[in-house]
Amino acid sequence: MTKSPRGPSSMPKDLSAPVVPTGPVAPVTRASDQSDFAMEHPHQNLDRAARAARARMSAGISAHSFIEAWTDWAQHMSQAPGRQLELIERAQRNALALMSHFSGTQGEETPPFAPKPFDHRFRHPGWQKPPFSIWQQSFLAAQDWWDFATDRLRGLRPEDADRTRFMARQMLDVMSPSNFPALNPEILEATVQSQGRNLAEGAVNFVHDAIKTLTQSRDPAPEGYRVGEDLACTPGRVVFRNALFELIQYVPRTAEVQAEPILIIPAWIMKYYILDLSPRNSMVNYLVGQGFTVFAISWCNPTAEQAELSLEDYRKEGVMAALAAVNTIVPDRKVHAVGYCLGGTILAIAAATMARDRDDRLASITLMAAQVDFAEAGELLLFVDESQVAFLEDMMWDQGYLDRPQMAGTFSAIRSEDLIWSRAVQRYWLGRQEVHTDMGVWLADTTRMPARMHSEYLRGLFLENRLSAGRFAVEGRVIALKDISTPMFVVATETDHIAPWRSVYKTQLFTDCDVTFVLSSGGHNSGIVNEPGNPRSRYRVSHRPEAAFYVGPDDWLEASAERSGSWWPEWAGWLSGQSSGVVTGRAKLGAPQFGLPALETAPGSYVFQT
């Protein structure tokens with residue numbers, strides 16, 4: 001028999017019923033599946049346990065996928081004499097460029113090789129002087145050669161070419177001269193100036209981080225960045241709670257408010273307050289100030305006891321239960337639904353299901369850095385294939401969830417130059433403490449992913465791309481994004497490596513409704529938390545009427561004009577345009593007459609779960 005992730009559940013069948021938890025959140029009751037496969041292979045649990053142990057040691061990365069990629073690349077390269085000749089020529093060209101630059105025969109002032117835009121390892125001016133410039137340029141020349149060597153090759157599977165390039169980059173990053181004190185001018189300068197104090201302080205930082213990693217402990221929030229006091233501090237009350245989430249209603253700040261309320265559905269991969277950081281850059285605070293009645297979901301941080309929570313649970317007992325509560329508190333009004341990242345994906349699923357079932361309670365849909373098609377889901381696809389998903393499933397089967405440190409390792413590896421090696425140099429060789437920011441504190445406030453839900457997400461969406469392919473079923477019936485007729489506001493960010501903007505843009509390809517599309521400057525988080533007054537903010541915006549012809553992303557980019565400033569005012573104006581007018585301020589929070597009293601002060605209790 002197949003082993004269930006954990007023991008029997010005590011979750012009440014009606015997840016949507018308001019509850020006030022007095023202890024650990026209870027899981028959903030589900031029966032273990034009895035499969036023919038399990039009956040024919042009675043010792044499969046031994047295999048799964050062995051894979052789970054290996055997965056913990058490798059941070060959940062399957063070696064098989066990358067070995068297979070190397071093998072595929074090597075075999076095709078060995079049978080491509082033309083590409084081999086090109087590699088020889090590339091090596092000769094790079095070597096000549098280095099010799100010409102350092103001999104001064106070409107009179108060049110600009111080095112022939114430059115770091116990638118997101119690579120900050122060589123910003124110190126000492127890298128422009130020999131001998132450090134020689135080491136830097138030699139490293140970048142090798143990096144250039146490997147990028148060329150791992151380019152797409154006829155017959156080579158594209159995903160294997162991408163994986164091979166990724167692995168080559170990881171190996172080169174280990175050997176970067178910036179990692180070695182004797183080769184890094186910034187470390188040498190700091191050591192001389194501080195008489196070695198930087199090395200002593202770096203050793204203390206290293207020991208501190210090592211202990212945290214071994215004990216899986218976290219530092220307390222620094223002064224000035226306390227959740228509920230400095231962050232997530234927009235006034236409000238929890239007005240609904242079940243085992244999956246708390247619903248927060250925020251106190252209005254204007255005498256009149258828009259008639260239709262806003263429901264924010266954040267991703268459950270992190271805490272909700274990415275959209276309610278400091279008052280100056282809180283999206284929630286901004287919306288309340290613009291005269292909107294705002295509700296936000298604060299998801300629970302699931303434990304091993306909730307391993308069987310499914311993607312359908314997050315739709316039905318999460319999104320739909322929250323929508324029902326909002327409809328009760330603000331009756332006879334449609335709702336502006338807003339989804340961020342994974343919350344946007346589940347909102348799209350919920351909206352398509354509502355459209356199929358002729359449920360017209362949504363006034364508008366806003367999707368922020370959210371994908372509905374995963375064919376071009378960026379570098380995260382490097383970690384998604386059958387072997388990798390099975391590897392993660394076995395680890396989650398054993399522990400009941402995917403822990404945030406295991407996810408963080410994947411995200412960090414994608415930008416290892418900056419997120420791993422530059423950070424290590426700063427903390428361990430230069431002895432510097434990290435500068436605290438509200439977003440940095442939020443990033444460190446980690447969460448977990450339930451085993452069943454994450455498996456369904458990886459397989460159904462990432463691996464099989466069922467939603468945009470018309471093969472995603474809800475309650476036994478397929479849903480279609482083209483059924484959605486509610487106006488959409490879709491936001492993508494320029495440098496997003498989690499939800500690449502061209503992938504987010506394809507929402508227009510799979511829908512026929514009225515769509516306003518915005519491309520914001522910044523990355524997955526900074527492009528969304530892009531408050532007015534930020535001098536670096538800029539965006540592009542376009543409107544596609546209902547049933548209009550599709551325009552590809554590159555053609556759209558060429559035709560669209562860039563605007564300075566934040567996209568938030570553009571969105572607030574659009575939301576107002578989708579509303580029916582204003583009503584007098586809603587001072588009373590919750591609906592106690594309907595069993596939805598104000599339970600406790602925002603940000604509630606779930607946000608503090610560790």
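When a residue number appears, it is its place in the shown sequence, counting from 1. Any value given below was found using the heavy atoms of this structure, including those in side chains, with hydrogens, waters and symmetry copies removed.
The shortest heavy-atom contact between Leu277 and Ile274 is CG-O, 3.6 Å. Smallest separation of non-hydrogen atoms from Pro115 and Phe122: CG-CD1, 4.1 Å. Residues Cys341 and Ala370 share a closest heavy-atom pair of O-CB, 3.3 Å. Between Trp268 and Met453, the shortest heavy-atom distance links the atoms NE1-CE, 3.0 Å. What you find for Gly344 and Leu367 is that their closest heavy atoms are O-CD2, 3.4 Å. The minimum heavy-atom distance between Ala161 and Leu156, with the atom names listed, is CB-CD2, 3.6 Å.
Outside the 6.0 Å centre-distance limit, the rings of His454 and Phe462 are not counted as a close aromatic pair.
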Requested in this report: Apply the test side chain to side chain contact (heavy atoms under 4.5 Å, CB included) to residues Phe139 and Gln136: give CA-CA distance (whole Å), side-chain angles for both, the deciding distance (0.1 Å), then the verdict.
Outcome: CA-CA 5 Å; Phe139 170 79; Gln136 179 229 38; 5.9 Å; no
Query raised in the report: After noting the C-alpha distance and the side-chain angles of Asp147 and Arg169, does the key distance pass the salt bridge (charged side-chain N to carboxylate O under 4.0 Å, His left out) rule?
Result: CA-CA 8 Å; Asp147 281 347; Arg169 196 174 75 211; over 6 Å; no
**Report entry** Stepwise side chain to side chain contact (heavy atoms under 4.5 Å, CB included) check, Val515 with Tyr505
**Finding:** CA-CA 10 Å; Val515 176; Tyr505 180 91; over 6 Å; no
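The side-chain heavy atoms of Arg280 and Asp438, taken from C-beta on, include a pair separated by under 4.5 Å. Contact of the Trp556 side chain with the Ser542 side chain is registered, since non-hydrogen atoms from C-beta on lie closer than 4.5 Å. Side chains of Glu68 and Arg157 form a contact here, defined as non-hydrogen atoms less than 4.5 Å apart. The closest side-chain heavy-atom distance from Arg423 to Asp209 is below 4.5 Å. With a 4.5 Å cut-off on side-chain heavy atoms, Asn184 and Trp429 do not count as touching. A heavy-atom distance below 4.5 Å is found between the side chains of Met283 and Met368. By the 4.5 Å heavy-atom criterion applied to side chains, Pro220 and Arg226 are not counted as neighbours. Taking the side chain as every heavy atom from C-beta outward, Asn198 and Gln193 never approach each other to under 4.5 Å.
Judged purely by atom type and a 3.5 angstrom limit, Ser503 uses its side chain to pair as donor or acceptor with the backbone of Asp373. Formation of a donor-acceptor pair under 3.5 Å by the Ser100 side chain with backbone atoms of Ala97 is not found in this model. Judged by distance alone, the side chain of Asn281 and the main-chain N or O of Glu531 form no donor-acceptor pair under 3.5 Å. Side chain of Thr495 to backbone of Gly522: a donor-acceptor contact under 3.5 angstrom is found. Under the 3.5 Å distance criterion, the side-chain polar atoms of Trp73 are left unmatched by any main-chain donor or acceptor of Asp160. Looking at Arg471, its side chain does come within 3.5 Å of a backbone N or O of Glu464 through a donor-acceptor pair. Although no hydrogens or angles enter the test, the distance criterion places a donor-acceptor pair under 3.5 Å between the side chain of Thr345 and the main chain of Gln371. In this structure a side-chain-to-backbone donor-acceptor pair under 3.5 Å is present from Thr493 to Gly523. With hydrogens and angles disregarded, a donor-acceptor distance shorter than 3.5 Å links the side chain of Ser521 to the backbone of Arg538. Side chain of Asn179 to main chain of Asp173: a donor-acceptor pair is present (N/O by atom type, distance under 3.5 Å, no hydrogens or angles).
Using cut-offs of 30° and 60° for the angle between ring planes, the Tyr225 and His436 rings count as tilted. Below 30°, between 30° and 60°, or above 60°: for Phe517 and Trp501 the angle between ring planes is between 30° and 60°, a tilted geometry. Ring orientation note: the planes of Trp567 and Trp571 are tilted relative to one another, at an angle of 30° to 60°.
Taking 4.0 Å as the cut-off between side-chain N and carboxylate O, Lys506 and Glu376 count as a salt-bridged pair. The residues Glu186 and Arg123 are annotated as not salt-bridged, no charged nitrogen and carboxylate oxygen being separated by less than 4.0 angstrom. Residues Arg163 and Asp385 are paired through a salt bridge, judged by an N-O separation under 4.0 Å between the basic side chain and the carboxylate. Salt bridge annotation for Asp144-Arg90: present, with a cationic side-chain nitrogen under 4.0 angstrom from a carboxylate oxygen. Between Asp554 and Arg502, at least one side-chain N (NZ, or NE/NH1/NH2) sits under 4.0 Å from a carboxylate O, which counts as a salt bridge.
Other residues, nucleotides and ligands place no more than 12 heavy atoms under 6.0 Å from the CZ atom of Phe206. Within a 6.0 Å radius of CZ in Arg197, other residues, nucleotides and ligands contribute 12 heavy atoms or fewer.
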All N/O donor-acceptor pairs, side-chain side in residues 125-135, below 3.5 Å, sequence neighbours left out:
residue: Trp127; atom: NE1; partner: Arg121; partner atom: O; Å: 3.4

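Contacts of Trp146 classified as ring-ring contact (aromatic ring centres under 6.0 Å, His included), with partners at least two apart in sequence or in another chain: none.
A donor-acceptor contact closer than 3.5 angstrom links the side chains of Tyr340 and Asn525. Side chains of Asn530 and Tyr539: no donor on one and acceptor on the other come within 3.5 Å.
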